[in-house]
Structure formats: structure tokens, C-alpha cells
Amino acid sequence: MPHISLRSLNVTYRDRRALRDITVDVPDAQITTIIGPSGCGKTSLLKSLNRLIDLSEEARVEGEVLIDGVNIYHPKADIIALRRKVGFLSQKPYPLPMSIYDNVTYGPRMHRMNREQIFQQIAELEKDRSLGRLCPESTRLTARTRRGGEMDLLVECYLRVAGLWDEVKDRLHDPATGLSVGQQQRLALARTLAVEPEVILADEPTSALDPISAKLIEEEFQFLKKKYTIVFVTHILRQARRIGDYVIFLYLGELVEHGPAQQVFTSPRDEKTRAYVAGDIS
Amino acid sequence: MRWRRIKDSLATRSMYLAVALANSIVFLVALGLFVKARPILATTSVVQLLFSSTWHPLRGQFGFYPFIVGTLAVTAIAMILAIPVCLLSAIYLSEYAHRRVRELVRPVIDLLAGIPSVIYGFWAVIVIVPLVRATGGALGSSTTGYSLLAGGIILAIMVFPIIISVSTEVLQTVPVEAREASLALGATRWETVKHVVVRSALRGIVASIVLGFSRAFGETMAVLMVVGNVPKVPTSLFDPAYPLPALIANNYGEMMSIPLYDSALMLAALVLLLVVAGFNLLAHFTLLRIERRS
Ligand SMILES: Nc1ncnc2c1ncn2[C@@H]1O[C@H](COP(=O)(O)OP(=O)(O)O)[C@@H](O)[C@H]1O
Ligand SMILES: [Mg+2]
């Protein structure tokens with residue numbers, strides 16, 4: 001069973017319908033890109049997958065989103081557990097108003113993870129990476145012997161995963177707001193991964209970044225898809241071609257076409273998709 | 001082209017002038033008060049004036065200590081009462097209330113801010129003073145109700161509107177991305193408010209409190225109606241007190257034939273000004289400390 005399936009999902013803001021009757025399954029352990037012109041409902045769709053859309057007071061959601069078979073819009077749904085399972089990377093990174101270090105530990109602290117749970121999580125992270133050890137032996141040794149050392153280990157591991165460690169290792173306790181936007185986005189990624197989600201939602205995560213940071217993030221996602229189900233919103237077609245395994249094409253709030261990237265880009269079934277992929281409409 | 005440049009420099013200069021004027025008023029006020037207070041400063045030492053508790057204008061004894069303590073005590077009580085209530089209200093309005101509730105509450109708060117001080121005073125005499133009397137009685141201290149506590153309560157109520165509305169606005173300027181970043185990690189709403197929203201808005205919240213209390217220091221009418229106005233250092237919440245603004249308002253223009261009385265009141269005003277300035281400086285440095293820490 002796929003992690004995520006949408007069943008007749010409708011989203012309206014007051015009287016304006018932003019998404020109409022979306023029914024689609026998101027394949028597991030792949031990168032699914034959501035493409036479509038600006039204002040077509042990509043962000044709304046993404047935010048209805050972890051119920052961040054609840055934050056907009058005008059938004060009304062109808063239909064079902066099943067994650068692991070459970071409808072997340074059921075009145076008794078556990079939203080905290082949902083959001084822990086479904087990570088989110090926003091278009092513009094927002095560093096939490098605290099140090100770099102505390103940004104990474106924020107999730108685990110909120111979930112009251114204890115020392116053993118954190119060591120367990122790091123062990124699994126390294127096993128899945130099949131790259132051997134993420135952190136040098138010395139870090140792991142001090143982590144074992146020092147009080148609070150597990151958090152140091154966690155911070156180092158996830159900053160390494162996000163490709164930020166070398167740039168910030170000497171200023172971990174400085175405010176995160178001092179980082180460049182590209183670094184902030186990688187910090188946001190580290191922060192998201194630190195709660196070990198199963199799904200990662202990314203809303204045009206590279207659009208505010210310089211080309212080099214954008215490339216770093218993109219490569220990171222290629223790597224992450226081995227382990228996570230990824231839904232990646234982009235309005236850059238070339239990016240969707242580069243990283244997407246599966247494509248969902250939205251146009252004016254409607255699901256026009258979805259399928260394997262290969263098929264959608266080379267032989268689209270719908271006229272609108274053809275036009276969009278060819279760059280005739282945008 | 002030249003004309004545009006002249007206009008630009010004109011605009012810059014007039015803005016500079018406006019700022020300079022606004023800032024110099026503080027010094028002009030202080031200077032004026034100082035000049036008028038000179039006579040009394042010439043007869044008695046500053047230490048004597050500030051730390052003596054004897055207030056006998058007829059005998060030429062002007063000790064401001066009870067009034068300074070009264071001012072600080074009333075303000076402190078008001079602060080202790082107002083800050084938690086205001087912050088919780090602001091957090092509720094900004095983070096929890098539905099937009100319609102917010103829109104409904106806002107005009108009510110604006111109305112509260114607009115009620116003349118004397119009306120608050122009357123209401124306090126009718127409601128708060130008896131309540132304080134009853135409470136004091138129940139706790140075994142006989143009090144008229146005209147007390148430090150009554151003054152503090154009415155002062156707290158009077159600063160509610162400004163602190164609530166300014167901090168609500170400050171909280172609302174925190175971008176929605178801040179809340180999303182925290183909630184998306186599985187934090188609860190309260191955790192998000194506590195660790196992210198309030199922290200992002202801390203500077204503005206402190207500023208709103210400073211704003212409220214700068215006003216509270218000088219708030220006269222309502223406080224003097226319920227605070228008792230006895231020039232003695234209060235030793236309990238139920239004792240009467242006599243803040244500086246009440247002293248000035250009650251006496252200026254009367255008994256001016258007493259030598260140095262006029263000068264003493266000017267000094268009282270100067271002291272009040274310095275207390276407010278000191279409070280502002282303190283707040284300023286607290287803010288700097290908070291910012292350096294985070
Ligand atoms: N909070 C909101 N309130 C009202 N309308 C909104 C809100 N968010 C999005 N919309 C509207 O919904 C439509 C889809 O927006 P969005 O999901 O942000 O599209 P995209 O991410 O593809 O640009 C747009 O027409 C937008 O104006
Ligand atoms: Mg968008």
C-alpha cells in the first residue's frame with residue numbers, strides 16, 4: 001500500500017476553489033514532483049498532506065488524504081504524530097529563533113526523546129546510509145561518555161547529512177539567522193531529518209537559493225529518496241526532469257495528468273500537459 | 001535634475017530637523033524643571049531630599065522618599081498584575097482566536113484605551129476600593145481600601161489596552177513561516193508559541209510593556225483617587241501611598257505661598273522624569289542582553 005493516497009481532495013479558500021477533486025496515489029520511495037504554473041494549487045496540495053493548511057483560517061478541506069491507510073482529516077487524527085512522520089521544507093527557509101545547534105535538536109527535544117532513543121536513531125541512520133559511519137569515532141566516543149553528548153552526536157550527524165557541517169562546525173551556538181539563505185535551507189533540511197520522518201514534502205525548496213546551494217539541495221534529495229518518500233513541488237521543468245521519478249501535473253486546481261516522469265515528459269496524454277511540457281503555456 | 005537633487009536634500013534635512021526637535025524636547029523639559037528646582041536644591045542636599053521621609057512643607061522639610069517609593073511600588077504592582085494578563089490575552093488573540101473574534105475584540109480594546117482616566121478613577125472608588133477593603137479585612141488588616149493595592153489594580157487595568165493591542169500586533173507580524181517551521185516538526189501549538197512566536201516577537205513585546213509603563217508612571221487622576229495620598233512610606237499592600245504625580249496634581253497651584261513649595265513640586269516632576277528615563281534605559285539594556293543571548 002502506498003504511503004499517501006488522495007481521495008477526491010477539494011480545497012477552497014472562502015469561495016475560491018484552489019483544488020478540485022484530486023484523486024491520486026503517491027508512489028513510495030521515489031521522488032514525485034508536482035509541476036504546474038504559479039497559482040495552480042501546488043502549495044495548497046502539499047500543505048494538505050501534513051495539515052499545515054489548517055493554519056489558513058479561510059481554507060476548507062474536503063475529501064480524504066490517507067497516510068498509511070489512515071485518513072488524516074478524521075476528527076480524531078493525531079496531527080502531532082502525522083507531522084512527525086511527514087516532514088516539510090518550505091519555499092523560504094525560516095530559521096527558528098535560536099542557535100544552529102538548537103535548531104537541529106528542536107524536534108527531538110519537543111518529542112522528549114531520551115538518550116537511548118537518540119543513539120538508536122543515529123545507529124539506524126548510519127545503517128541505512130550504507131556509507132559506514134557518518135561521524136568520526138572521536139565524536140561518538142565523547143557522545144557516549146559525556147552528559148548530553150547524544151545531542152552533540154545528533155547535531156553533527158544531521159548537519160553532515162545536510163552537507164552543512166563543515167561550514168558551521170565552529171559556530172554551532174551562534175544564532176541561525178546569521179546563515180546565508182542557502183545554508184538556512186540546508187539547516188531546515190537537517191532539522192526536518194532529525195525527527196526521522198518517513199515522507200518529506202518540499203515546496204520549491206531551491207527557488208530562493210543561489211545556484212550552488214540549489215544544486216546541493218537537489219543532490220541531497222537524490223540521495224534521500226532511497227529511504228524517504230518525497231513529494232517535491234517545483235515550477236522549473238528542467239528540475240522536474242532532473243530529479244523526478246513520478247510527475248503530477250496540476251493546472252488551475254485540477255489534476256490534469258500523472259504518471260512516471262519518462263512517460264509524462266516524452267509522451268504526455270493530455271493536450272494541456274503537452275503544451276506545458278513544450279513550454280507553450282506557463 | 002538639479003531641482004530633484006535640491007528636493008532630495010531638502011527632504012533629508014527637514015526629516016533630520018524633525019527628529020532633532022522631538023529629541024531635544026526631553027532636554028528642554030528637564031532643563032526647565034531643573035531651573036525651577038534650583039532654589040530648593042540650593043538649600044538642601046540632593047541626598048537629603050531624595051532619601052528623607054519627613055514631609056513638612058510648613059517647616060521647610062521636603063523629603064521625597066515616600067513619594068518615590070509610592071511611585072515605584074504602585075507601578076511595580078501594576079506591572080506584576082498586568083504583564084501576565086496582557087501577554088496571555090495577546091497570545092490568545094493572535095494565535096488562538098478566530099479572526100472574527102479578533103475583529104470583535106479590537107474595537108472594545110480601543111474603546112478601553114479611550115476611556116478618560118477620571119472615569120476609571122470613579123469606577124475604582126466604587127468597585128475596587130470596597131473590594132480591597134473587604135479583602136484586607138478578611139486577611140486581618142484594617143484598611144480603608146484606599147491603598148497601594150487599589151492604585152496598582154486600577155493602573156494595571158488602565159495599561160491593559162495599550163499593551164494588549166501593541167503586543168497582539170507585534171505577534172501578528174511574526175511570519176506564518178515561523179509557525180509552520182515549528183509545527184511541521186511535530187511541535188504543539190503551545191510549544192510553537194513559547195519557543196518560536198514569542199521569542200521572535202520578544203523585542204516588540206518588551207517595547208509594548210515599556211510603552212505601557214512609561215505611561216503608567218505618570219498616570220495621575222485615577223490613581224490619586226484611590227491610593228490614599230498619605231505621605232508615608234507604605235509597608236503593606238493595604239497601606240495608603242502617595243505617588244509623585246498625585247503629589248504634583250494635588251498641590252500645584254495651592255499653598256503656593258509656602259516658601260520653596262513651588263520649587264519642591266518642580267523637583268518632584270524632575271525626579272519623576274528621571275525615574276521614567278531610568279526605567280526606559282533599564283528596559284533598553286535588558287533588550288540588548290536578551291538579543292545578545294539569542
Ligand atoms: N491563504 C490563502 N487564502 C486565500 N487564497 C489562497 C491562500 N493560499 C492560496 N490561495 C489561492 O489558492 C490558489 C492556489 O495557490 P497555491 O496553492 O499557493 O498555488 P501554487 O503553490 O501552485 O502557486 C491561488 O489562486 C491562491 O491565490
Ligand atoms: Mg506555491
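Side-chain atoms are counted along with the backbone in the values below, which use heavy atoms only and exclude waters and symmetry mates. Within every chain, numbering begins at 1; the chains are lettered A, B, ... in the order of the sequence lines, protein sequences first and strands thereafter.
Options A:R84, A:H111, A:R109 differ in how many heavy-atom pairs under 4.5 Å they form with chain B, and the most are formed by A:H111. Taking chain A as the reference chain and counting heavy-atom pairs below 4.5 Å, the highest number among B:G186, B:A181, B:P175 is found for B:G186. The residue among A:D174, A:L96, A:L82, A:L89 with the most heavy atom pairs within less than 4.5 Å of chain B is A:L96.
None of B:R189, B:R179, B:R102 except one satisfies the salt bridge (charged side-chain N to carboxylate O under 4.0 Å, His left out) rule with B:E95; the exception is B:R179. Put simply, the residue from A:D54, A:I72, A:N50, A:L52 that forms a side-chain contact (heavy atoms from CB on, under 4.5 Å) with A:I79 is A:D54.
Both the backbone and the side chain of A:I80 come within less than 4.5 Å of a heavy atom in chain B. Contacts between A:Q91 and chain B at a heavy-atom distance below 4.5 Å are absent for every atom of the residue. Interface remark: A:K47 contributes side-chain atoms only to the contact with chain B (heavy atom separation under 4.5 Å). Neither the backbone nor the side chain of A:R51 comes within less than 4.5 Å of any heavy atom of chain B.
The shortest distance between side-chain heavy atoms of A:L153 and A:E156 does not fall below 4.5 Å. The shortest side-chain heavy-atom distance between A:Y73 and A:S48 falls under the 4.5 Å cut-off. A heavy-atom distance below 4.5 Å is found between the side chains of B:F213 and B:T75. Taking 4.5 Å as the limit, every side-chain heavy atom of A:F232 sits out of range of all side-chain heavy atoms of A:I200.
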